[in-house]
Amino acid sequence: MSNICVLLPVAQDLCLSVSFSDLTISRIRYQHVCSTKSDVIENDSIFAKKIINELESYFNRSDSQFSVLCDLSAGTEFQQKVWQALLEIPVGETRSYGTLAKQLKTSARAVGNACRQNLFPVIVPCHRVVSASGMGGYAGDTSVKQQGEIDYMQIKHWLLAHEKTIDRKK
DNA sequence: TGTCCGACTAAAT
DNA sequence: ATTTAGTCGGACA
């Protein structure tokens with residue numbers, strides 16, 4: 001298994017750590033850049049370059065779509081179903097937990113649970129799922145964090161704002 | 001099994 | 001603005 005790190009535009013010290021093997025992404029997590037010096041990009045395989053390229057495109061430009069595959073099978077059957085549904089939400093749009101629940105014939109809470117378990121943030125766009133009355137959570141968190149900790153809600157806000165920028169350019 | 005807890009929500013206070 | 005009741009998947013005993 002290999003691992004690469006892609007810097008996030010959200011904050012100076014944040015990056016996305018992507019684990020992969022066999023042309024498939026197995027896991028993505030948020031990380032402080034400084035926390036692991038060993039996570040420097042040292043892998044120059046074609047696939048690694050593709051991942052980096054697609055993520056950077058997404059962060060910098062408009063209509064970028066991801067073609068790299070994620071190993072959804074790491075989740076339960078239900079989680080896979082939800083994650084698949086997330087992949088079908090277009091860039092710049094959002095869905096509420098409730099409407100997704102209706103679509104999948106389950107409950108809003110259950111959808112939230114599956115989102116919380118998302119192993120592939122950004123690529124599987126759980127940030128496009130919001131609550132009927134507000135923001136919902138992100139990466140398991142629901143409120144703003146203290147200094148020093150990763151502020152996941154800030155990241156969710158940033159991603160959504162970024163995708164709106166994309167819409168405006170169209 | 002049974003119990004409990006969520007990134008929820010609509011309805012009733 | 002808050003509270004309540006309904007919801008269902010997953011973790012754990």
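So that the names make sense, note that chain A is the first sequence line, chain B the second, and so on, each numbered from 1.
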Minimum heavy-atom distance between V68(A) and K50(A), given as atom pair plus value: CG1-CG, 4.1 Å

L23(A) with L55(A), same ILVMFWY side-chain cluster at under 4.5 Å: yes

From CA spacing to verdict: side-chain hydrogen bond (donor to acceptor under 3.5 Å, both in side chains), S73(A), D71(A): CA-CA 5 Å; S73(A) 74; D71(A) 178 22; 2.6 Å; yes

Separation of dG6(B) P from Y97(A) OH (nearest whole Å): 15 Å

Interatomic distance where NZ belongs to K81(A) and C1' belongs to dG10(C) [whole Å]: 14 Å

Smallest separation among heavy atoms of E93(A) and I89(A), with atom names: O-CG2, 3.8 Å

Nearest-Å distance for atom pair OH/C1', residues Y138(A) and dC8(B): 19 Å

Rounded distance (Å) that lies between atom C1' of dC8(C) and atom NZ of K105(A): 16 Å

Parallel, tilted or perpendicular: ring planes of F66(A) versus Y58(A), cut at 30 and 60 degrees: tilted

Nearest-neighbour nucleotide for the S131(A) side chain, dG10(C), dC8(B), dC8(C) considered: dC8(B)

Atom-to-atom span, CG of L104(A) to P of dG9(C) - whole angstrom: 11 Å

5' precedence on DNA chain C between E77(A) and A108(A) (nearest-nucleotide basis): A108(A)

Atom-to-atom span, CZ of R109(A) to C1' of dG10(C) - whole angstrom: 14 Å

dT9(B) OP1/OP2 closer than 4.0 Å to side-chain N/O of S133(A): no

N113(A) or S96(A), whichever maps to the more 5' nucleotide of DNA chain B: N113(A)

Ring pair (Phe, Tyr, Trp, His ring centres under 6.0 Å) partners of residues 75-109 of chain A, not counting sequence neighbours, each pair once: none

Student check: side-chain heavy atoms of V33(A) and L14(A) closer than 4.5 Å: no

Separation of atom CD in Q79(A) from atom C1' in dG6(B), rounded to whole Å: 13 Å

Stems involving DNA chain B, each a run of at least 3 consecutive Watson-Crick or G-U pairs under 3.5 Å: B:1-6 with C:8-13, B:8-13 with C:1-6

